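Here is the structure we will look at, set down as structure tokens.
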Amino acid sequence: QMQLVESGGGLVQAGGSLRLSCAASGRTFSSYAMGWFRQAPGKEREFVAAISRRGGSIYYTKSAKGRFAISRDNAKNTMYLQMNSLKPEDTAVYYCAAQFSSNWNRDEVVNYWGQGTQVTVSS
């Protein structure tokens with residue numbers, strides 16, 4: 001199977017930035033569309049951003065658009081999420097996800113999940 005390991009989470013003040021990384025192993029990374037999800041206490045896990053296999057197509061949830069930037073480096077088997085202008089409502093556990101698709105498909109199952117990394121934004 002595929003293993004996904006998130007890193008880069010932490011505590012930051014509102015308006016600050018964090019860069020999350022997701023390191024993949026066990027499967028051919030470039031065969032998967034990748035995404036970021038997050039889950040705050042008491043809330044459902046929600047979609048944040050996704051990127052196609054080669055990085056040509058990118059999608060963001062409305063709240064992330066203009067502040068977050070998803071990217072991937074297939075040579076390093078790594079996906080990133082640059083988060084700027086962070087807000088307290090961004091506080092959540094952020095999860096890396098892999099989908100065996102050329103492009104991210106909201107109607108298809110996520111094949112692999114990481115364990116998550118905590119992002120806390122203080123006011």
Side-chain angles (χ1 to χ4, degrees):
Q1 66 174 346
M2 193 180 211
Q3 294 82 46
L4 302 172
V5 180
E6 302 94 338
S7 62
L11 176 64
V12 65
Q13 291 186 330
S17 298
L18 285 173
R19 182 177 173 86
L20 306 184
S21 297
C22 172
S25 61
R27 293 289 187 271
T28 302
F29 181 66
S30 60
S31 295
Y32 292 82
M34 300 294 295
W36 287 99
F37 290 73
R38 66 188 180 190
Q39 187 168 26
K43 293 188 176 182
E44 299 292 314
R45 187 172 297 190
E46 66 174 349
F47 171 81
V48 177
I51 187 167
S52 61
R53 282 175 172 169
R54 299 195 300 274
S57 297
I58 291 172
Y59 310 92
Y60 298 101
T61 193
K62 184 177 180 180
S63 64
K65 191 172 296 183
R67 300 189 298 126
F68 294 3
I70 189 171
S71 62
R72 66 190 295 164
D73 187 339
N74 287 348
K76 296 181 178 180
N77 294 336
T78 304
M79 176 182 65
Y80 306 94
L81 184 68
Q82 178 67 46
M83 304 187 294
N84 300 321
S85 301
L86 283 163
K87 304 174 181 179
E89 51 262 46
D90 295 318
T91 295
V93 177
Y94 283 70
Y95 296 92
C96 178
Q99 186 181 78
F100 190 71
S101 303
S102 59
N103 205 351
W104 190 267
N105 190 333
R106 294 175 60 184
D107 297 323
E108 292 187 1
V109 66
V110 172
N111 298 112
Y112 300 100
W113 293 96
Q115 291 283 71
T117 185
Q118 177 70 48
V119 171
T120 303
V121 184
S122 65
S123 59

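Source: prediction; values computed, not measured. Just so you know, these numbers use all the heavy atoms, side chains as well, and skip hydrogens, waters and symmetry mates.
Under the 4.5 Å side-chain heavy-atom criterion for Ile, Leu, Val, Met, Phe, Trp and Tyr, Phe47 and Met83 are members of distinct hydrophobic clusters. Neither Trp113 nor Trp36 shares a network with the other; the hydrophobic side chains, linked directly or stepwise wherever heavy atoms of I, L, V, M, F, W or Y lie under 4.5 Å apart, form separate groups for each. Residues Trp104 and Ile58 do not share a hydrophobic cluster, clusters being chains of Ile/Leu/Val/Met/Phe/Trp/Tyr side chains in contact below 4.5 Å. Linking ILVMFWY residues whenever their side-chain heavy atoms come closer than 4.5 Å, directly or via other members, places Phe37 and Val93 in the same cluster.
Checked against side chain to side chain contact (heavy atoms under 4.5 Å, CB included), Ser102 has the following partners two or more places apart in sequence or in another chain: Arg53. In this structure Glu46 satisfies the salt bridge (charged side-chain N to carboxylate O under 4.0 Å, His left out) test together with Arg38, sequence neighbours excluded. Glu89 pairs by the side chain to side chain contact (heavy atoms under 4.5 Å, CB included) definition with Lys87, not counting sequence neighbours. Taking the salt bridge (charged side-chain N to carboxylate O under 4.0 Å, His left out) definition, one finds that Arg19 meets it with nothing, sequence neighbours left out. In terms of the side chain to side chain contact (heavy atoms under 4.5 Å, CB included) criterion, residue partners of Val121 (sequence neighbours excluded) are, by chain and number, Val12, Ala14, Leu86, Pro88, Asp90, Thr91, Val119. Every residue two or more places apart in sequence or in another chain that forms a side chain to side chain contact (heavy atoms under 4.5 Å, CB included) with Ser85 is listed here: Arg67. With sequence neighbours left out, the side chain to side chain donor-acceptor pair (under 3.5 Å) criterion links Asn105 to Glu108. Under the side chain to side chain donor-acceptor pair (under 3.5 Å) criterion, Tyr59 pairs with Asn103, not counting sequence neighbours.
Pairs of residues two or more places apart, or lying in two chains, that qualify as ring-ring contact (aromatic ring centres under 6.0 Å, His included) and include a residue from residues 62-101 are Tyr32-Phe100. Note on residues 41-79: no pairs pass disulfide (SG to SG under 2.5 Å), not counting sequence neighbours. Pairs passing the disulfide (SG to SG under 2.5 Å) check and including a residue from residues 22-52, sequence neighbours excluded, read Cys22-Cys96. Sorted by first and then second residue, the side chain to side chain donor-acceptor pair (under 3.5 Å) pairs involving residues 114-123 (not counting sequence neighbours) are Gln118-Thr120.
The shortest heavy-atom contact between Ala97 and Val110 is CB-CG1, 3.6 Å. Contact between Ala40 and Ala92 at its shortest, heavy atoms only, is N-CB, 3.8 Å. Nearest heavy-atom pair, Gln1 versus Gln3, reported as atom, atom and distance to 0.1 Å: O-NE2, 3.0 Å. The two residues Gly8 and Leu18 make their nearest non-hydrogen contact at O-CD2, 3.8 Å. In this structure, Thr78 and Ser21 approach most closely via the heavy-atom pair CG2-CB, 4.3 Å. Contact between Gly114 and Glu6 at its shortest, heavy atoms only, is CA-OE2, 3.1 Å.
Annotation: the span from Met34 atom CE to Asn77 atom CG amounts to 9.5 Å, rounded to 0.5 Å.
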- request: Check the pair Phe29, Met2 against side chain to side chain contact (heavy atoms under 4.5 Å, CB included), reporting the backbone distance first and the verdict last.
  value: CA-CA 9 Å; Phe29 181 66; Met2 193 180 211; 4.0 Å; yes
Stepwise side chain to side chain contact (heavy atoms under 4.5 Å, CB included) check, Met79 with Ile51: CA-CA 9 Å; Met79 176 182 65; Ile51 187 167; 4.2 Å; yes
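Checked by atom type and distance alone, the side chain of Arg72 pairs as donor or acceptor with a backbone atom of Ser52 at under 3.5 Å.
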